[in-house]
Each structure stands twice: as C-alpha cells, then as structure tokens.
Amino acid sequence: MTASRSSLRYRCQLRQPATERRAETHPLTWRLHDDNRLIGLDEYLDKDGYVAVREVLGKQSPDEVIEQVKEANVRGRGGAGFSAGMKWSLTMKGEGIPRGYLVCNADEMEPGTFKDRLLLEQQPHLLIEGMILGGYANNSRYGYIFLRGEYVEAARALSRALEEARAAGWLGNDIAGSGFDFDIALHTGAGRYICGEETALISSLEGSRANPRAKPPFPGQSGAWGKPTVVNNVETLCNVPAILRHGVEWYQGLSGGRSDDGGTKLYGVSGRVNTPGLWELPIGTTGQELIDLAGGIRDGKALKTWLPGGGSTGFLLPEHLELALDFDTVGQYGSRMGTGLLTVVTEEQSVVSLLRNLEQFFSRESCGWCTPCRDGLPWVVKILQSIERGEGEQGDIELLEDLAVKLGPGKTFCAHAPGAAMPLQSGLKHFRDEFERGISHRPRAAHEDPIPVGEV
Amino acid sequence: MNSTAASRTDARIATDAFILHDEDRRAIVHELGHYEQPQAACIEALKIVQRRHGWVPDGAIPAIAEVLGVGAADVEGVATFYSLIFRQPVGRHVILVCDSSSCFLTDYESLYASLSETLGICFGQTTPDGRFTLLPVCCLGACDRGPALMIDDDTYGPVNPDDVAELLEAYA
C-alpha cells in the first residue's frame, strides 16, 4: 500500500492534546490547537497576547526585566544552557554605547531537533512578543529572526505575523505608548548548520560566509556590525512573556522541584519508538518518562543508547534514563542536555554506523575555518568507515580517542568540533567492543609492502 | 532560463550576457533597507536571482555585486559557501533528502536507494530530462516523522521507499 501525497505531508504537531494544556502549566504551548492551525493576532490577543509588552514597556526598567529573567533561571534552550538573564546583563548598554541588535536564532538544524519549528509555524506572535521584551531589556535598536531557509511554512507564518504586529502597533515607533521603538526583520538562511553557532550566525547575517569569530569580544560587546548583539534561541525568547506576566516564582515552580532550572521544556523523542513526538513538560522530566510517552521502543526491542539533545551531545546508557533532564544533571554524566530532544538507538542498531553518519554530518558542515575541524573530521570519518567495514587497523581506536581530544574544547574558534567530539568520545567509552569488532589489521606503515611501480 | 542558454552559446564571457531583471534589482534594493551595510543583503540577493533562474549563473555574481556595491569575489565567496545556493543548473524540482541521525536511524538509506533507482541519479545529480535534482540536506527538523525529505517547498515524512513513485508524480 502506498500512501497518498497529502497524507505524507509533514505536519509539526505537539503530542499533548489541547485539553491537557493550560496557561498556568504550559506557557509555551497552551494556546496551540489540536489541528495545528496558525494562531493569528486576534486570537493571540484574546489569549493574553502582548499583555506582558503592555505591562512592562515603560513601566519597568530594562534592568528590572533582566533581573527577573535572571532570577527565573531560564537557560538557553538552543542547547548551550547559558542563563538568558545573565547573557542579557552582559550586553553593553548605556551612555555613549550605540543601540545594537536582538537576534533570534531560528536556524534549527541540530540533528534530532524539531522543537522550534512548532513555535514558529503555529505561534509566531509569542516569539515576536518575546523579542520585543528582549529588545527592550537589551536596549536593542532592531531585531532579526534568523530562520533556516528550509522552514518555508515558518517563514510564511512569521511574515504574516510581523505584518500584523506592525499594523497593530506592536512593532515600530512608540510601542504601546511606551516611547520604545523596535522593529523586526525576517532573515532567511541558505543552508549550512554552522549558521546556528552564535558568532557564525552574525557573520552570516552580515552577508558573509558563516565563519565563527573569536570570543572575546562577545556578541554582547561587539556583534553584528560591531554593535552589541544578543542572540537567543526561539524557545528561550518564547519563555520571556510568561515570566514577566506571571512572575519569577511561578516560573520557578513549573519544574515542580524536579530541577533547579526554571520553567518547562519542549522535549521530544525520535528514532525507532512507537509514537515519536514532542511534548511541553516540566524541566527535569526524565528520559524514561519521555520514552514511555513515546510509546516505548518499536517492535519490542530494547534500548541500546540515546542522545539526550541532538547530534552534538554525548551518548547515554539505559541506566541514565532516570536522570532529570536538565542542563546541570546531564552535564555530570559526560553529555549535555543540548536541545532536549532524545534520539533513541535500539539494540540492533550499530553505534559505529551511527557515529559514522554523525561525523559525516559534522565533517560536511564544518565551515573550514579551523584546521582541527576542517582536517580532523574527514579523518575521523575515514577511520570510522574502515571500522564499519571491518577493515580497521590496530591503533585506530586509540587514534580516534586522540582525535576526539584534539577536536575538543579550546582548539577551535567555535563549538562545532567539540560538538562532533562529544558523541565520538562517549561512543568509544561506552561501546568500545563494537569498535574492536571492526579492527582486523595490524597497523600498516606507509613504507610497508610498497606497491611496485607500474602495477597500479 | 533563456537568457542563460543564450549566454552559453555567446562567444563573449557570460558576464556580458546576464542582465539582472528589473524586478529582481528592485527586490534586492528593497532588501538593503533591512541592514546596516549592503553586504548583508548578499544571500537574499542570490536567492532572488535563484528564484527566477533556478540557479545562480556566473553573470549574476558581478551583477549582484554592482547593486550591492561590494566586490564580485565577496559575492562569489558567499555563493559558493551556502548549500542552498546553486552555482550550476538544477532540475525544475529539487529534492532534499535528510541524511542526519534520526532519519539515518529510521532508514533514510532505503528511501534514498528508492529515489536513486527511480530517478537514475545519485546525490548531486540532475535527471537528463531536467526534472529533478537530488541533494542531501541537514536535519530537516522533521525527526518525529523520519525519514523525511523536501521537494521544492513541500516537506514530507515519513516517506517509505514504496511511496516514491506516487510522490514524484505531482512534480511535472
């Protein structure tokens, strides 16, 4: 049986039905409909939309806004987990400092991650409201939504929402009579994973090749066109309106004591599970709860390993399923929470092959700026390919371990290579036997068994 | 497409033959207003040209550079960096197959094999009739319904190898 074309169309959908979602407990998704339809300006306004903007702009100081976001401890949902309030407090502002930019990172490309798409396609006004508040807090002159080019549906939704917001006075001069001027442009990309890296994103926004930049200076000091620039993930910004509307204590309470981090998280599961999907849950929800929500592993198979938040996070084992998925907890086990969308690997799937796939991805997507990344990743791929074919050499595993260190933090301008190194390092640690099975040769030196001239 | 075909038979270099459409020029100039510096409109300018021609012909590079007031080398550097800017002709429809981890684990390789067999081409190639180009793409953010692919602006998933023939039919 082949499926019809319309039934094959991808539709981004939250797994929780609308009846299970409430404003008090699901700040990101309570407005969303079961039929996935776009929430336009009128509906958004009916459902508490832009209330935070009206209550905050001109009535609270930017520093007061930052203080609340800091206290709420909303940590960067793009994967790095850096405190958003802290980031905002480090943005240069004040006498003699030019107003800069607030950039929303909507370049969602982390393998296994499909969360921002939901917010962008179905509820663009929440992001716009979050950006207005972020722009106010950071004294930004202008905002950009850096959207990956493939998110066509999201581009449509955002363009329409930006027009609606502008027409209704939520963007432009003197927003809500506050005296604050701010507008947002949609900037769509043209491919390349590296654009999601904060400083590469700024290079790309400026119309250059997406090469990352050295830090310091941090974007908050000198970013786009040398102006103070704040880059925040979609989900991070979407948390801001509710924090300012309902308060820090309420936001902190959302995690229900599961985590020191505040709020909820868009968690998801993909891979061979029965019902892969996306949920808004208290931050600190465990991997086991997520896999249960996803209906368990397909075909009655067992779980071999899992990535907690995208291709640049480290492998975790079934024994780690009881851990609270928050930034600090996962960080203690040789991985990172990353984007919080689980990739499930089942017992019959090969970690060597998956790593080969991941490293091919990182190798292809390296911008080529730094030598360890540009040259090291293709080397890793070649070794993994030979091990996958059962043609690895003695010493290859040690070589991979060495390369994982040399690709690690501090060797390159950005976190691309360290991101590639993390699954490699943890894969070698947890599944060394799988690699060993692919080793069949003793090491061959270049001068050994030379091929006689004329025989090639 | 016609102006491009003409440029290839022309004895002069392609640069002479490419004429930036007025509408495209206006669209690029409009984009300039969104940024502090003109170079920033470069990617959008390339996309504007690509929307009309299907790809970015050689002659478009200096033409865009002139509108932006930047060097042609800067524009070419950008054009060759981004994977969704095509610097050679592509088919009428571009198929982007997600080959990232979640689709790998849900067997995109069988889907790719089916596409490759049906179309008679591999990644990076265009069918001889100019109908389809097949390319790999970074995680499409449709991991809950992998394996996923895009044809032009449409995203599909999960796509079984058996679905390929019917799916392609809609794209003439």
Side-chain angles (χ1 to χ4, degrees), chain A residues 1-5 8-10 12-13 108-117 144 148-153 185 187-193 204-210 224-225 227 268-272 276-278 307 311 341 343-346 349 353-354 357-358 360-361 364-365 367, chain B residues 33-47 50 68 70 74-75 77-85 96 98-106 136-146 148-150 152-160 162-167 169-170:
Chain A
M1 250 311 263
T2 58
S4 74
R5 193 169 72 96
L8 292 174
R9 271 196 193 262
Y10 177 77
C12 191
Q13 187 168 23
E108 182 168 71
M109 275 193 229
E110 180 67 27
T113 302
F114 50 100
K115 65 181 181 71
D116 295 338
R117 181 197 273 272
Y144 290 102
R148 70 179 292 189
E150 297 91 333
Y151 276 12
V152 182
E153 188 65 40
H187 176 103
T188 60
R192 298 305 294 261
Y193 170 76
S204 186
L205 181 69
E206 292 179 358
S208 300
R209 295 164 78 93
W225 300 289
K227 307 273 167 47
V269 185
S270 70
R272 292 191 186 174
L278 194 60
L307 294 166
L341 280 88
T343 307
V344 160
V345 186
T346 57
Q349 298 188 299
S353 297
L354 174 59
N357 171 270
L358 281 170
Q360 272 178 325
F361 170 87
R364 183 179 74 196
E365 297 302 329
C367 78
Chain B
H34 291 149
Y35 306 99
E36 210 170 293
Q37 287 177 7
Q39 169 84 28
C42 186
I43 297 168
E44 195 54 39
L46 290 161
K47 287 165 78 171
Q50 184 163 291
L68 300 181
V70 302
D74 290 328
V75 177
V78 168
T80 51
F81 183 86
Y82 293 95
S83 50
L84 296 179
I85 300 296
L96 300 174
C98 177
D99 64 352
S100 292
S101 48
S102 293
C103 287
F104 175 77
L105 292 167
T106 50
V137 71
C138 268
C139 181
L140 277 179
C143 322
D144 51 339
R145 294 174 70 83
L149 57 76
M150 278 185 91
D152 301 337
D153 286 351
D154 308 323
T155 307
Y156 298 98
V159 184
N160 291 314
D162 298 343
D163 298 328
V164 165
E166 182 167 337
L167 193 57
E169 250 175 51

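All chains are named by letter (A, B, ...) in the order of the sequence lines, taking the proteins before the strands, and each is independently numbered beginning at 1.
- Heavy-atom distances place the backbone of B:Pro158, and not its side chain, under 4.5 Å from chain A.
- Annotation: the span from B:Phe81 atom CZ to A:Cys367 atom SG amounts to 5.0 Å, rounded to 0.5 Å.
- Contact count versus chain B (heavy atoms, under 4.5 Å) is highest, among A:Lys227, A:Glu110, A:Glu153, for A:Lys227.
- In this structure, A:Leu8 CG and B:Leu149 CG are separated by 8.5 Å, a value rounded to the nearest 0.5 Å.
- Your options are A:Cys12, A:Gly112, A:Gly207, A:Gly189, and the one with the most heavy-atom pairs under 4.5 Å with chain B is A:Gly207.
- In terms of heavy-atom proximity, B:Cys143 sits nearest to A:Phe114 at CB-CD2, 3.4 Å.
- Using a 4.0 Å cut-off between charged nitrogen and carboxylate oxygen, B:Asp144 and A:Arg117 do not count as a salt-bridge pair.
- Chosen from A:Gln13, A:Met109, A:Arg364, the residue pairing most often with chain B at heavy-atom distances under 4.5 Å is A:Arg364.
- Contact record, A:Pro111 with B:Ser100: CB-CB, 4.1 Å, taken as the closest heavy-atom pair.
- With a 4.5 Å cut-off on non-hydrogen atoms, A:Thr113 touches chain B through its backbone but not through its side chain.
- The heavy-atom pair separating B:Ser83 from A:Gly191 by the smallest distance is OG-CA, 3.6 Å.
- When all heavy atoms of A:Trp225 and B:Ala40 are compared, the closest pair comes out as CZ2-CB, 3.6 Å.
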Report task. Give the intermediate values and the outcome of side chain to side chain contact (heavy atoms under 4.5 Å, CB included) for residues A:Gln360 and B:Asp99. Result -> CA-CA 10 Å; A:Gln360 272 178 325; B:Asp99 64 352; over 6 Å; no
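- Atom CG in B:Leu105 sits 7.5 Å away from atom CZ in A:Arg272 (nearest 0.5 Å).
- Heavy atoms closer than 4.5 Å to chain A are found in both the backbone and the side chain of B:Val137.
- Each of A:Pro276, A:Ala190, A:Ser208, A:Gly277 has some count of heavy-atom pairs under 4.5 Å with chain B, and the biggest count is that of A:Ala190.
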Query - Worked verdict on A:Thr188 versus B:Lys47 for side chain to side chain contact (heavy atoms under 4.5 Å, CB included) - result: CA-CA 10 Å; A:Thr188 60; B:Lys47 287 165 78 171; 2.6 Å; yes
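- Among all heavy-atom pairs drawn from A:Arg5 and B:Ala170, the shortest one is NE-CB, 3.1 Å.
- Interface remark: B:Asp154 contributes backbone and side-chain atoms alike to the contact with chain A (heavy atom separation under 4.5 Å).
- Proximity to chain A is absent for every atom of B:Leu46, based on heavy atoms less than 4.5 angstrom apart.
- The minimum heavy-atom distance linking A:Arg148 with B:Gly141 is given by the pair NH1-N, 4.0 Å.
- Of the atoms belonging to A:Tyr193, heavy atoms from both backbone and side chain fall under 4.5 Å from chain B.
- To the nearest 0.5 angstrom, B:His34 atom NE2 is 12.0 Å from A:Leu205 atom CG.
- Options A:Ala224, A:Ala185, A:Ser270 differ in how many heavy-atom pairs under 4.5 Å they form with chain B, and the most are formed by A:Ser270.
- Under the 3.5 Å distance criterion, with hydrogens and angles disregarded, a donor-acceptor pair is assigned to the side chains of A:His187 and B:Tyr35.
- Separation of atoms SG (B:Cys138) and CD (A:Glu108) is listed at 12.0 Å; rounding is to 0.5 Å.
- Side-chain atoms of A:Ser204 and B:Ile43, non-hydrogen and from C-beta on, do get closer than 4.5 Å to each other.
- Taking OG of A:Ser4 as the start and CD of B:Glu166 as the end, the distance is 6.5 Å to the nearest 0.5 Å.
- Between B:Thr155 and A:Glu150 there is no side-chain heavy-atom pair separated by less than 4.5 Å.
- Within the 4.5 angstrom heavy-atom criterion, atoms from both the backbone and the side chain of B:Ala142 approach chain A.
- Interface residue A:Leu358: only side-chain heavy atoms are found under 4.5 Å from chain B.
- With sequence neighbours left out, the side-chain contact (heavy atoms from CB on, under 4.5 Å) criterion links A:Val152 to A:Arg156, B:Met150, B:Asp153.
- The contact between B:Gln37 and chain A is made by backbone and side chain atoms together, counting heavy-atom distances below 4.5 Å.
- For A:Lys115, no part sits under 4.5 Å from any heavy atom of chain B, backbone or side chain.
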